[in-house]
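Working notes for the structure below.
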Amino acid sequence: MIYISEEESAALVTDELAFEAAREALIAAASPQSRIFPAVLGRTREPTNTFSIKSGSANHLTGVKIGSFWKDNPARGLPRHNSTIVLLDPHTGRLGAVIEAGKVNAYRTAAADAVAADSLARKGAKVLAMFGAGNQAGFEVTALARIRPIATVLIVAQPSVLRDAFVEHIRERGLEARAVSAEEAVRAADIVVTATPSREPLFQADWVGPGTHVASMGSDAPGKHELPDELFQKARLFCDLLSQSVQIGEFQHVRDEIDAGVLAVTPIGDVIDKRAPGRRFDDEITVFDSSGISLQDLYMADALISAKAAHR
C-alpha cells in the first residue's frame, strides 16, 4: 500500500502536474466507460463541520476522495480544509494508496478552471475579476496566469485584513491588483471567477460584456449560488459533469430549463477531446460550472504517485 503524507504531497504537486491530471480527468468524465457516483455531503454534531465523499472509476483508477471543512481548525494551528484520497487496487478492490491532499486539492480545483479556460477564454484575456480572497483565490490566479496573459486582477471581497493581504500578495507576483466593486470588476473583466460560499448571485448578468468567460468554482452543495441565472440565457454553458452540476453545482438553479432542453450544457471533456466546439468567436460569452468531480482527485493521486516514484 502506498502512503503519501500531506507534507509530501504538497512538496510534489505543481501547477503543471495538476493541469495535466485535471485535463485527463475531465476527458475521462465525458467518456461512457467512466463512472462517477453521486456525492455524499455530511456534517458532524457541530453544523459548521462538514465533509463530502466523492467516488468514481475510470481506466485503471478506482477510489474515493474525502474532503472536510472544520471551521475552528485555525485556532488549533490547522487548515480548515483537508482532503484524503483513497485508491483501490483495480484488480482486487483492496487498499492501494492513501494520499493526504489538502494543499493538492486547491491545485486540483484551480487546474480544472485553467483547463476549461484554455478552451473557452479568449487568447488575449488580460483582466481577471476574482470574487473571493480566501485560500482558493490565490491558486485560481496562479493557474489562470499560466495559460492566459493575465496582467490585472480585480478582487471583489468584503473589506478585511485578509483581502488587503491578498491584494498585496498578487502585486508581489508582478501583477496589477486592486480591490474594487463587483460591477467595476465584471464590466472590465475578460475572465470572471467566483470562488466563494455564496448562496445568492454575486453580480448582475447585464454587467457581463461580450467575449467574457465566467467560471463558478464555489458552488458545490445544494443552495450555493454564485452566478445570476439570467446570464445563462445569453451564454454557452459548460460543466465538468452535468449530473452533478444540476444537483450541487451552479446549474442546480436552472435544472428545469436544462431538463426541458431550453438550456444546453456541454461537458468540457467533449471540448478538450474535440467532440464539441469550445469558444467559437470573440464576442461569445462562455460559462463553466466546476462542481468538483471525483475523477480529478483520482487522476491527481495517480500523478502524485508517479511523481513520487520519479523522485526516488
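Atom set for the values below is all heavy atoms of this structure, side chains included, hydrogens, waters and symmetry mates excluded.
Partners of Arg76 under the side chain to side chain donor-acceptor pair (under 3.5 Å) rule, at least two apart in sequence or in another chain, are Asn73. Partners of Phe203 according to the ring-ring contact (aromatic ring centres under 6.0 Å, His included) rule, which considers only residues two or more places apart in sequence or in another chain, are Phe131. Taking the salt bridge (charged side-chain N to carboxylate O under 4.0 Å, His left out) definition, one finds that Asp297 meets it with Lys65, Arg108, sequence neighbours left out. Considering only residues two or more places apart in sequence or on other chains, Glu24 meets the side chain to side chain donor-acceptor pair (under 3.5 Å) condition with none of them. For Lys103, there are no salt bridge (charged side-chain N to carboxylate O under 4.0 Å, His left out) partners at least two apart in sequence or on another chain. When the salt bridge (charged side-chain N to carboxylate O under 4.0 Å, His left out) test is applied to Glu184, the partners found at least two apart in sequence or on another chain are Arg178. A search for salt bridge (charged side-chain N to carboxylate O under 4.0 Å, His left out) contacts involving Arg148 returns Asp118, not counting sequence neighbours. Residues that satisfy the ring-ring contact (aromatic ring centres under 6.0 Å, His included) test with Phe69, not counting sequence neighbours, are His81. Residues satisfying the ring-ring contact (aromatic ring centres under 6.0 Å, His included) criterion with Phe139, sequence neighbours excluded, are Tyr107. Applying the side chain to side chain donor-acceptor pair (under 3.5 Å) criterion to His60, with sequence neighbours excluded, gives Asp302.
Taking a 4.5 Å side-chain heavy-atom cut-off between Ile, Leu, Val, Met, Phe, Trp and Tyr, the cluster of Leu41 extends to Ile248.
Remark: the backbone N or O of Thr50 is not paired with any side-chain donor or acceptor of Arg43 at under 3.5 angstrom. Between the side chain of Gln244 and the backbone N or O of Gly292, at least one donor-acceptor pair lies under 3.5 Å.
Judged as a ring pair (Phe, Tyr, Trp, His ring centres under 6.0 Å), not a single pair has a partner in residues 290-312 (not counting sequence neighbours).
One hydrophobic cluster, built from ILVMFWY side chains closer than 4.5 Å, cannot hold both Leu241 and Leu237; they sit in different ones.
Residue Val141 is tested with Leu128, Ile155, Val193, Ile150 for a side-chain contact (heavy atoms from CB on, under 4.5 Å); the sole match is Leu128. Checking Val115, Ile268, Thr266 one by one against Phe288, the side-chain contact (heavy atoms from CB on, under 4.5 Å) holds for a single residue, Ile268.
Side-chain polar atoms of Gln33 and Ser31 form a donor-acceptor pair below 3.5 angstrom.
In plain terms, the two heavy atoms of Ser291 and Gly249 that are nearest each other are CB-CA, 4.0 Å.
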